Structures are given as C-alpha cells and as structure tokens.
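Please read the structure below before turning to the comments.
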Amino acid sequence: EAGVDPKHADLLLSLYGTDVVYGNTLRDLDAVERSAETQIRVDGPAPNVESLTGRTGFEDVRSILARLETPELEYLDRIHVITASSMMSHGVDIDRLNAMIMLGLPLGTAEFIQATARVGRRWPGLVLVVHKIGRERDAAVFRDFQKFVEHGDRFVEPIPITRRSRQVLAHTIAGQELARLLLVHEPRAGYPLTLITTLKKYLTANPDSLEVDRDSILDTLASESLDVGLRNDITVWFENFRRNLRSPPANAKFPTDASPSGQPMRSLRDVEEAVPVIGSVQ
C-alpha cells in the first residue's frame, strides 16, 4: 500500500524496528516499561524492553549495545523498545536507531539536540516529541516548535571558556610545537626527530629552530588579539622546553617527555588528570 518493494522489508524492519523512548525522569521510564507489557497490542509475546539509564550496570550496557549493533536473526528475539535517560545522550552512535519518542522536553536545549541526535545518524530518523503541556516551558516551546527546532543551536547555553584562555593554551601549546617538529622540521632534517637525542642533534645544526617555531605560533595566534600574558606564557614554555632538551629529566626518551606542560592532548575531553581504570575477569 505504501508503494515500497517488499524486498526491502527486512532492511526496513531492522532500521525502524527498535523504538527509543527518551524520558527526563526515571518515573516516566518505569511507567513506559510497565505499559509496554500490557498496552502494546501485538499478536504473540510482549515486546522486548531494555533500559539504558544510570541504573543500568556496565555489563548490561555493553550487552544491550552489542545486541543493537548486531541484532538477533529472529525479529521476536530482538530488542523492540529502549527506555533511555540522559545517559544515552552522549556516545551512543548506532545506525539502527532511527525512531524516538521524547517524553517531555529536557531542561536544556543542548540535551534536546544531543538526545535527538542519537537517532537518524545514517538513515532518515523520526522523533515524536510528547510535550508535557502542563509545564510552562513545554507549552511555550509547543507554540513555536518549528522555530525552536530550526534555531535550536542559538538557545544552547554558552560555556564559560574563551579561545584566548590561558588554561586552553597550557593544554594545547605542547601539541602545537610537537606537531611542528614532526611535520615541518623532520622533513627538513631527513631523519626522524622522535627521540630527544636526534632532536638535540638537529637543534645543534639549526639553533634558531625553536625561536622560529615560537614566533610562528605567536604570529598565528596574533589574529586572536593575543594579550601580554599569553605571549609571555608561550615564550616561557619554549625557554623551558629548550632547557629540558639540554638537560632531559630522568628516564626522558621522547620529546614529549621534555614538554614543560606534559603530554599533548589526545582528545578534547583530555583536560584533567586521568584516572586509571583496572578491570578484572571473573
């Protein structure tokens, strides 16, 4: 009746056969789980419902995500409904999730954007927003919902950080200079600069290299109205870097070990001291 070739039925059932119900409170999600057992009228057994909330154990989360990524061959054995809280709004990137019901608007626009982005990541997605019309914010958004969706990014709360933050510079300066060593100076040297010994050899032959890098980084950042404090921080970093290369710390082997501000960032989330996680097999 819809004019879709029946040969696509299995694919469509896989892509749209799992419904995500996103709620702002655990009470709402608990109600959805109870209702799924009694109020969804289907022939045969009740739908399979799983939960992704802060109460879901780590092993259960892994198992659920694995089942969503690689569903069971039999449709009746698959997960049909996922009840999800804000825990799911970051990092769940599964192409098979393309349908969502949102029970009430989240308190923040950023969460609305993040949560709804969990569906329709590769294939067209459908999100049904059920406004809790008794709440003033939900009612206000309901009246101009189309404009809210079109201009949602303008309502995202600003974060308390600027591009000219000294803290940001402290986390990024090492990556900037070490990237220049590998991408600019190493091709000129004709040999790897991945060890302190070879880098010292190169700097002996090219003593002004670090000053050139410093000035280049300062010139690049000058378009951002670099203030005196940031300029001084960069100058001091390079002075300490040269000093550490001349007299490397104990057990220092790589140029990263001589960085005054530690290792370069590997992720934008890498902004604090890492906590080691040790697993065990039972």
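No experiment lies behind these values; they were computed from the predicted model shown.
Under a 4.0 Å N-O distance rule, the pair Arg143/Asp138 does not qualify as a salt bridge. Ion pairing of Glu69 with Arg96 is absent here, as no side-chain N (NZ or NE/NH1/NH2) approaches a carboxylate O to less than 4.0 Å. The pair Asp28-Lys132 counts as a salt bridge, with a side-chain nitrogen and a carboxylate oxygen less than 4.0 angstrom apart. Taking 4.0 Å as the cut-off between side-chain N and carboxylate O, Glu177 and Arg214 do not count as a salt-bridged pair.
Across all non-hydrogen atoms, the minimal contact from Ala174 to Gly262 is CB-O, 3.8 Å. Nearest heavy atom pair, residue Pro187 against residue Leu182, reads CD-O, 3.6 Å. Smallest separation of non-hydrogen atoms from Ile94 and Arg121: N-CD, 4.2 Å. Considering every non-hydrogen atom in both Glu186 and Leu193, the closest pair reads OE1-N, 2.8 Å. Across all their heavy atoms, Ile196 and Ala252 have their closest contact at CD1-CB, 3.9 Å. In plain terms, the two heavy atoms of Tyr191 and Thr198 that are nearest each other are CE1-O, 3.9 Å.
Note on Val129 and Ile82: same hydrophobic cluster, where clusters join Ile, Leu, Val, Met, Phe, Trp and Tyr whose side-chain heavy atoms are under 4.5 Å apart, directly or indirectly. Cluster annotation: Val61 is not connected to Leu29 through the hydrophobic network of ILVMFWY side chains, with a link wherever side-chain heavy atoms come within less than 4.5 Å. Leu230 and Leu218 fall within a single hydrophobic cluster, where Ile, Leu, Val, Met, Phe, Trp and Tyr are joined by side-chain heavy atoms under 4.5 Å apart, directly or via other members. Taking hydrophobic clusters as Ile, Leu, Val, Met, Phe, Trp and Tyr residues chained together by side-chain heavy-atom distances below 4.5 Å, Leu221 does not share a cluster with Val236. No continuous path of ILVMFWY side-chain contacts below 4.5 Å connects Val21 to Met87, so the two sit in separate hydrophobic clusters.
Of the candidates Ser86, Pro106, Ser85, Asn24 forms a side chain to side chain contact (heavy atoms under 4.5 Å, CB included) with just one, namely Pro106.
Atom CG of Leu52 sits about 7.5 Å away from atom OG1 of Thr83, to the nearest 0.5 Å. For the atom pair Gln176 CD and Thr220 OG1, the distance stands at 8.0 Å (nearest 0.5 Å). With values rounded to the nearest 0.5 angstrom, Gln263 atom CD is found 13.5 Å from His171 atom NE2. To the nearest 0.5 Å, the span separating CD on Glu211 from CD on Glu239 amounts to 9.0 Å. One finds the OG atom of Ser51 at 7.0 Å from the CD1 atom of Ile64 (value rounded to the nearest 0.5 Å). In this structure, CE on Met100 lies 7.0 Å from OG1 on Thr116, to the nearest 0.5 angstrom.
Here the side chains of Leu245 and Leu199 are in contact, with some heavy-atom distance below 4.5 Å. Put simply, the side chain of Tyr22 reaches to within 4.5 Å of the side chain of Glu111, judged on heavy atoms. Counting heavy atoms from C-beta on, the side chains of Leu210 and Leu203 come closer than 4.5 Å. Annotation: side chain of Trp237 is not in contact with side chain of Leu169 (no heavy-atom distance under 4.5 Å). Under the 4.5 Å side-chain criterion, counting only non-hydrogen atoms from C-beta, Asp5 is in contact with His8. The shortest distance between side-chain heavy atoms of Arg62 and Phe58 falls below 4.5 Å. Looking only at side-chain heavy atoms (C-beta outward), Pro260 and Asn244 come within less than 4.5 Å of each other. Using a 4.5 Å heavy-atom threshold, the side chains of Arg154 and Thr109 count as separate.
In this structure, Phe112 has its ring center under 6.0 Å from that of Phe148.
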Subject >> Steps toward side chain to side chain contact (heavy atoms under 4.5 Å, CB included) verdict (Lys253, Leu195) >> reply: CA-CA 6 Å; Lys253 182 178 180 181; Leu195 299 176; 3.9 Å; yes

**OP:** Carefully, step by step, assess Ile101 and Val20 under the rule side chain to side chain contact (heavy atoms under 4.5 Å, CB included).
**Re:** CA-CA 6 Å; Ile101 297 174; Val20 179; over 6 Å; no

**OP:** Applying side-chain hydrogen bond (donor to acceptor under 3.5 Å, both in side chains), run through Ser89 and Arg118 and close with a yes or a no.
**Re:** CA-CA 7 Å; Ser89 61; Arg118 296 310 102 194; over 6 Å; no

**OP:** Kindly determine whether Val156 and Ile113 satisfy side chain to side chain contact (heavy atoms under 4.5 Å, CB included), including the steps that lead there.
**Re:** CA-CA 9 Å; Val156 175; Ile113 295 173; 3.7 Å; yes

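Counted within 6.0 Å of CG on Leu107, heavy atoms from surrounding residues, nucleotides or ligands total 12 or fewer; the atom is thus considered open. Environment of CD in Glu150: crowded, with over 12 heavy atoms of neighbouring residues, nucleotides or ligands closer than 6.0 Å. Within 6.0 Å of CG in Asp43 there are 12 or fewer heavy atoms belonging to other residues, nucleotides or ligands. Under a cut-off of 6.0 angstrom, the local environment of CG in Asp215 is crowded, with over 12 non-hydrogen atoms contributed by other residues, nucleotides or ligands.
Val4 belongs to a hydrophobic cluster with Leu11, Leu12, Leu15, Tyr16, Trp123, counting contacts under 4.5 Å between side-chain heavy atoms of Ile, Leu, Val, Met, Phe, Trp and Tyr, direct or through other members.
Between the Asn206 side chain and the Tyr202 main chain, a donor and an acceptor come within less than 3.5 Å of each other. For Ser63 (side chain) and Glu59 (main-chain N/O), no donor-acceptor pair under 3.5 Å exists by modelled atom type. The backbone N or O of Ala31 lies less than 3.5 Å from a partner atom in the side chain of Ser35, making a donor-acceptor pair. Judged purely by atom type and a 3.5 angstrom limit, Thr70 has no side-chain atom pairing as donor or acceptor with the backbone of Arg67. Listed for the Asp257 side chain is a donor-acceptor partner under 3.5 Å among the backbone atoms of Phe254. A donor-acceptor distance shorter than 3.5 angstrom exists from the side chain of Arg135 to the backbone of Leu105, with no hydrogens or angles considered. At distances below 3.5 Å, not a single donor-acceptor pair connects side-chain atoms of Asp10 with backbone N or O atoms of Lys7. A donor-acceptor distance shorter than 3.5 angstrom exists from the side chain of Arg78 to the backbone of Glu72, with no hydrogens or angles considered.
Side-chain contact of Asp213 with His185: a donor-acceptor pair under 3.5 Å is present, judged by distance alone.
Under the salt bridge (charged side-chain N to carboxylate O under 4.0 Å, His left out) criterion, Arg246 pairs with no residue at all, not counting sequence neighbours. For His131, the ring-ring contact (aromatic ring centres under 6.0 Å, His included) criterion is met by Phe142, Phe145, not counting sequence neighbours.
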